[in-house]
Amino acid sequence: MNWKKLLAAAAVAVGLAAAPQAQATEGDAQYPNGAEGFMAGAVPPPGTYFINYLMHYTAGRVNNDDGKQVPVNFRLNATAEVPRLLYVSNVQILGANWGAHILVPVVNLRYEVGPFSGHQFGLGDITIDPFILSWHWQNFHLATGLDIILPTGRYDRSRPVNIGANYWGIEPLVAGTYMSDAGFEVSAKLMYAFNTRNNDTSYRSGQAFHMDYMVAQHFGNWTAGLGGYWFQQTTDDDLRGVSIGNRGTAFAIGPAVKYDVAGISLIGKWQHEFVAHNRPQGDKLWVKLIMAF
């Protein structure tokens, strides 16, 4: 049994560029798939906002290239607490409001793979975006950005699983929300991930397309819907410039609910991964808080 490779597979992206990565490589997109959903394309009006993501990911299996379970003892539990500060200005560029944000994740990780087990707690990889643009029409909202993921997370080359990725990530993104006059919503956030090389291991994770999505209905202060994510790696990983494949795929869906009151939004989501190739397969639980200063 190739325990080293399976331990690498335990590194699962679950915590806003913070928790370990999610396939049988050093990593996939650093973004925690499924973080957004309701009103994904509707950046709020000018002001300063505090947004908090609390996420828990658990997996009891890891899959191979065919999406079949690898016959090995496997358990992964990761919890991420991720405060986000969002600023939206009155400055307009091409008719859009300019904004910026920063996310600072803290991650608690436990894993078991075969005879190996471990625990890590600490700062994850910080995400910044200095150039968010948002447009608003009566029934449609649009946002673009360029997330930059910094290699600030805890990393130890001797460990098979790490909270930090130890490489930079660049993610151009576009998000849109359609809302009918009757309160029917369709939202999606589309991203494309570029990764630099991990200089400690000479490993470079492949590029990837991924998307968060939500279909929902608003009922007064309440909103209920179905949402999740799709992840598709588009280029091979490489080691010292030699392609080694290991392309990851994932698809998840689950129920979500949101409650709005007095300028505060509280969101709860559960997402089950029905498809997973070259990565663990499990479930995510989210609690998200949005409030204006």
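What you are looking at is a predicted structure, and each value in this text was computed from that prediction instead of being measured.
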**Between CD on residue Q207 and OG1 on residue T235, distance to nearest 0.5 Å** = 4.5 Å
**Item:** Test item: I290 and L86 side chains (from C-beta on) under 4.5 Å apart, heavy atoms
**Value:** no
**Prompt:** To the nearest 0.5 Å, what is the distance between CD1 (I244) and CZ (R204)?
**Reply:** 13.5 Å
**Salt-bridge present (E36, K288; N to O < 4.0 Å)** = yes
**Request:** State, yes or no, whether a side-chain contact exists between F131 and T144 at a heavy-atom distance under 4.5 Å.
**Result:** no
**Prompt:** Any donor and acceptor pair, going by atom type alone, linking the side chain of E185 with main-chain N or O of A216 inside 3.5 Å?
**Reply:** no
**Request:** Measure across N63 and A276 and return the closest heavy-atom pair with its distance rounded to 0.1 Å.
**Result:** ND2-O, 2.9 Å
**Complete:** Heavy-atom closest pair (F50 atom, P83 atom, distance to 0.1 Å) is CE1-CB, 3.8 Å
**Prompt:** Which atoms form the tightest heavy-atom contact between D125 and L150, and what is the distance?
**Reply:** CB-O, 3.1 Å
**Item:** Check ion pair D236-R247 (N to O, under 4.0 angstrom)
**Value:** yes
**Under 3.5 Å side-chain donor-acceptor pair for W98 and Q92** = no
**Item:** Between N64 and N278: side-chain donor-acceptor atoms closer than 3.5 Å
**Value:** no
**Item:** Min side-chain heavy-atom separation R110-R75 under 4.5 Å
**Value:** no
**Prompt:** Can you find a heavy atom in the side chain of D181 that is under 4.5 Å from one in the side chain of N139?
**Reply:** yes
**Message:** Quick one about D147 and H101 (side-chain donor to acceptor, distance below 3.5 Å, no hydrogens or angles considered), yes or no?
**Reply:** yes
**Asked** Is there a donor-acceptor pair closer than 3.5 Å between any side-chain N or O of D283 and the backbone N or O of T58?
**Response** no
**Prompt:** Taking 4.0 angstrom as the limit, do R61 and E112 come out as a salt bridge?
**Reply:** no
**Prompt:** Is there a donor-acceptor contact under 3.5 Å linking the side chains of H136 and N97?
**Reply:** no
**Request:** Would you name the heavy atoms of Q271 and G34 that are closest together and state the gap between them?
**Result:** NE2-O, 3.1 Å
**Request:** Determine, step by step, whether N108 and Q120 satisfy the side chain to side chain donor-acceptor pair (under 3.5 Å) criterion, reporting the C-alpha distance in whole Å, the side-chain angles of both residues, the deciding distance to 0.1 Å, and the verdict.
**Result:** CA-CA 6 Å; N108 186 60; Q120 270 197 339; over 6 Å; no
**Request:** Determine the minimum heavy-atom distance between K189 and L173, stating which atoms define it.
**Result:** CE-CD2, 4.1 Å
**N/O donor-acceptor pair under 3.5 Å between E273 side chain and V275 backbone** = no
**Message:** Among L85, T127, L123, V82, which residue satisfies the side-chain contact (heavy atoms from CB on, under 4.5 Å) criterion with V104?
**Reply:** L123
**Prompt:** Could you walk me through whether Y111 and N77 pass the side chain to side chain donor-acceptor pair (under 3.5 Å) check?
**Reply:** CA-CA 6 Å; Y111 65 89; N77 287 281; over 6 Å; no
**Asked** What's the spacing between K269 NZ and L226 CG if we round to 0.5 Å?
**Response** 12.5 Å
**Request:** Check whether any side-chain heavy atom of K284 sits under 4.5 Å from a side-chain heavy atom of N33, and report yes or no.
**Result:** yes
**Prompt:** Can L94 be reached from W137 by stepping across I, L, V, M, F, W or Y side chains whose heavy atoms are under 4.5 Å apart?
**Reply:** yes
**Message:** Any donor-acceptor pair under 3.5 Å linking the side-chain atoms of T249 with those of Q232?
**Reply:** yes
**Asked** Under 4.5 Å between any side-chain heavy atoms of Y57 and P32, yes or no?
**Response** no
**Request:** Mind running side chain to side chain contact (heavy atoms under 4.5 Å, CB included) on L76 and L109 for me, showing each step along the way?
**Result:** CA-CA 8 Å; L76 187 144; L109 168 70; 4.2 Å; yes
**Prompt:** Near I93 CD1, under 6.0 Å, is it more than 12 heavy atoms from other residues, nucleotides or ligands?
**Reply:** yes
**Asked** If you round to the nearest 0.5 Å, how far is CD1 of I148 from CD of E171?
**Response** 11.5 Å
**Message:** I want to check something: taking the side chain as every heavy atom from C-beta on, are N52 and E81 in contact at a cut-off of under 4.5 Å?
**Reply:** yes
**Request:** Give the cluster check for W222 versus M214: same hydrophobic cluster or not, with ILVMFWY residues linked at side-chain heavy-atom distances below 4.5 Å.
**Result:** no
**Under 3.5 Å: donor-acceptor pair, side chain of N162, backbone of D156** = yes
**Message:** Under 4.5 Å between side-chain heavy atoms, counting indirect links through other Ile/Leu/Val/Met/Phe/Trp/Tyr residues: same cluster for V107 and L285 or not?
**Reply:** no
**Asked** Would you say the side chains of Y192 and T234 form a donor-acceptor pair under 3.5 Å?
**Response** yes
**Request:** Apply the test side chain to side chain contact (heavy atoms under 4.5 Å, CB included) to residues L289 and Y53: give CA-CA distance (whole Å), side-chain angles for both, the deciding distance (0.1 Å), then the verdict.
**Result:** CA-CA 7 Å; L289 172 71; Y53 304 81; over 6 Å; no
**Message:** For the CG atom of L239 and the OG atom of S202, what is their distance to the nearest 0.5 Å?
**Reply:** 6.5 Å
**Item:** N/O donor-acceptor pair under 3.5 Å between R154 side chain and F121 backbone
**Value:** yes
**Prompt:** Do L54 and V257 share a hydrophobic cluster (ILVMFWY, side-chain heavy atoms under 4.5 Å, transitive)?
**Reply:** no
**Message:** Go through it in stages, so that I can follow the logic: the residues are Y167 and I149, the test is side chain to side chain contact (heavy atoms under 4.5 Å, CB included), and I'd like the CA-CA distance, side-chain angles, deciding distance and then a yes or no.
**Reply:** CA-CA 8 Å; Y167 55 78; I149 305 169; over 6 Å; no
**Asked** In a check of ring-ring contact (aromatic ring centres under 6.0 Å, His included) between H210 and each of Y229, W230, Y31, which one passes?
**Response** Y31
**Prompt:** What is the ring orientation for W270 with H272, classed by angle as parallel under 30°, tilted 30 to 60°, or perpendicular over 60°?
**Reply:** tilted
**Prompt:** Roughly how far, to the nearest 0.5 Å, is CG of N195 from CG of N198?
**Reply:** 10.5 Å
**Request:** Could you check I102 against I126 for side chain to side chain contact (heavy atoms under 4.5 Å, CB included), going step by step and ending with a plain yes or no?
**Result:** CA-CA 7 Å; I102 182 172; I126 294 172; 3.9 Å; yes
Which pairs of donor and acceptor atoms, one on a side chain in residues 258-266, lie under 3.5 Å apart (sequence neighbours left out)?
{"from": "K258", "atom 1": "NZ", "to": "D260", "atom 2": "OD1", "distance (Å)": "3.3"}
{"from": "K258", "atom 1": "NZ", "to": "D260", "atom 2": "OD2", "distance (Å)": "2.8"}
{"from": "D260", "atom 1": "OD1", "to": "S265", "atom 2": "OG", "distance (Å)": "2.4"}

**Asked** So, the side chain of D237 versus the backbone of G206: is there a donor-acceptor pair under 3.5 Å, distance only?
**Response** yes
**Request:** Answer yes or no: is there a side-chain heavy-atom contact under 4.5 Å between F140 and Q138?
**Result:** no
**Request:** May I ask you to say whether D238 pairs ionically with R197, meaning some side-chain N is under 4.0 Å from a carboxylate O?
**Result:** yes
**Request:** Please report the shortest heavy-atom distance between Y203 and N246, naming the atom on each side.
**Result:** OH-ND2, 3.8 Å
**Request:** Examine distances only and state if a side-chain atom of T223 and a backbone atom of H218 form a donor-acceptor pair shorter than 3.5 Å.
**Result:** no
